[in-house]
Chemist: 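Dropping the structure in here first, questions after.
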Amino acid sequence: MAHAAPVSPAPGARTPTPSPTPDVFGPRAHRIATWALPVVLGLVYGYWAAANRRSGGPITGWNILFGFVTALVFAVLYVAVRAVAPRLKRERHALLWAAFTGCAIGFLVNQSGSSVLYSAGQGVVVGAGVFAVAFYRYYTHEDAAGHRVR
C-alpha cells in the first residue's frame with residue numbers, strides 16, 4: 001500500500017505559525033474570577049432567598065431590596081471566609097466553611113416559612129457534610145508537618 005510522502009515547504013516559503021491558544025487558567029482569569037464569583041454567587045443566593053420569602057407571591061419593592069441586601073451580605077461574608085480560611089489549620093479551616101455553608105442553607109430554609117428548629121437542623125446537617133468533605137480534602141492535601149501541598 002502506498003502512502004503519500006510528507007512535503008517540505010519550498011525554500012523561502014513561509015510556514016504558517018499556529019495562533020496561540022488563550023490561557024484560560026492564567027493570572028488574568030484568576031483575577032477576574034476572584035471578584036466575579038462572589039458577585040455571581042451573591043446574586044444567585046439573594047434571588048433564591050427573595051423567591052423563598054415571597055412564596056410565589058407578587059414581586060414587590062421590599063422583596064427586591066431584600067434580595068439585593070441578602071446578595072450583598074452573602075458576597076461580603078463569602079469574600080471574608082475565603083480570605084481568612086486558608087490561614088487556619090485544617091480543622092478550623094473546614095469548620096469555618098461548614099459554619100458558613102450551614103448558616104447560609106439554614107437561612108434559605110427559614111425564608112421559605114419553615115420553623116426555626118427545622119431550619120437549624122437542615123443547616124447542621126448540611127454543615128456536617130461540608131465539614132466532613134472539607135476536612136478530608138484539607139487532610140489529604142498536606143504533608144506530614146501540616147503544611148499545604150500546592
Side-chain angles (χ1 to χ4, degrees), residues 4 6 9 14-150:
R14 292 181 41 193
T15 58
T17 57
S19 64
T21 57
D23 190 8
V24 178
F25 299 111
R28 181 174 180 260
H30 283 281
R31 268 193 317 273
I32 292 170
T34 298
W35 294 106
L37 187 64
V39 169
V40 170
L41 287 177
L43 288 174
V44 168
Y45 186 83
Y47 173 75
W48 194 352
N52 283 356
R53 187 176 190 124
R54 66 185 165 91
S55 300
I59 298 174
T60 63
W62 291 111
N63 188 253
I64 292 172
L65 179 65
F66 175 78
F68 279 115
V69 169
T70 304
L72 178 68
V73 169
F74 180 87
V76 167
L77 288 175
Y78 176 80
V79 168
V81 169
R82 196 175 63 186
V84 171
R87 297 184 184 125
L88 302 173
K89 295 280 187 190
R90 64 179 168 236
E91 295 87 2
R92 291 184 180 152
H93 190 171
L95 186 63
L96 185 60
W97 278 112
F100 173 73
T101 307
C103 289
I105 294 298
F107 181 75
L108 281 179
V109 171
N110 187 283
Q111 295 308 308
S112 65
S114 299
S115 73
V116 174
L117 290 176
Y118 180 76
S119 303
Q122 291 296 312
V124 167
V125 168
V126 171
V130 169
F131 177 78
V133 171
F135 181 79
Y136 176 77
R137 183 189 186 283
Y138 302 141
Y139 186 77
T140 58
H141 286 77
E142 289 183 353
D143 60 6
H147 302 104
R148 290 193 182 95
V149 179
R150 299 235 179 235

Chemist: Checking side-chain contact (heavy atoms from CB on, under 4.5 Å) against Trp97, which of Val133, Val81, Leu88 comes through?
Modeler: Val81
Chemist: Check each of Val76, Val79, Leu43 against Pro38 using the side-chain contact (heavy atoms from CB on, under 4.5 Å) test, and report the only one that passes.
Modeler: Val79
Chemist: So which atom in Ala71 and which in Gly42 form the shortest heavy-atom distance, rounded to 0.1 Å?
Modeler: CB-O, 3.0 Å
Chemist: Which heavy-atom pair separates Ala134 from Ala94 by the least distance, and what is that distance?
Modeler: CB-CB, 3.8 Å
Chemist: State, to 0.1 Å, how close Ile105 and Gln122 come at their nearest heavy-atom pair, and which atoms those are.
Modeler: CG2-O, 4.4 Å
Chemist: Would you compute the distance between atom CZ of Phe68 and atom CG of Asn63 and round it to the nearest 0.5 angstrom?
Modeler: 11.0 Å
Chemist: Once rounded to the nearest 0.5 Å, what's the spacing between atom OG1 of Thr60 and atom CZ of Arg53?
Modeler: 9.5 Å
Chemist: The test is side-chain contact (heavy atoms from CB on, under 4.5 Å); show your working for Thr101 and Phe131 and say whether it passes.
Modeler: CA-CA 9 Å; Thr101 307; Phe131 177 78; over 6 Å; no
Chemist: Just by modelled atom types, is the Arg137 backbone N or O under 3.5 Å from a matching donor or acceptor in the Thr140 side chain?
Modeler: yes
Chemist: Should the ring pair Tyr78 and Phe100 be called parallel, tilted or perpendicular, given that the plane angle runs from 0 to 90° and is split at 30 and 60?
Modeler: tilted
Chemist: Looking only at atom types and distance, does a side-chain atom of Ser114 sit under 3.5 Å from a main-chain N or O of Asn110, one as donor and one as acceptor?
Modeler: no
Chemist: Measuring from atom CG of Leu95 to atom NZ of Lys89, what distance do you get when rounded to the nearest 0.5 angstrom?
Modeler: 15.5 Å
Chemist: Working to the nearest 0.5 Å, report the span between CG of Leu65 and OG1 of Thr70.
Modeler: 9.0 Å
Chemist: Between CZ of Phe74 and SG of Cys103, what distance do you get to the nearest 0.5 Å?
Modeler: 11.5 Å
Chemist: Would you mind listing every side chain to side chain donor-acceptor pair (under 3.5 Å) that reaches into residues 31-43, with sequence neighbours excluded?
Modeler: none
Chemist: For Tyr138, enumerate each residue passing the ring pair (Phe, Tyr, Trp, His ring centres under 6.0 Å) test, keeping only those at least two apart in sequence or located in another chain.
Modeler: His93
Chemist: In chain order, what residues pass the salt bridge (charged side-chain N to carboxylate O under 4.0 Å, His left out) check against Arg90, with sequence neighbours excluded?
Modeler: Glu142
Chemist: Can you see which heavy atom on Phe107 is nearest to which on Ala49, and at what distance?
Modeler: CE2-CB, 4.2 Å
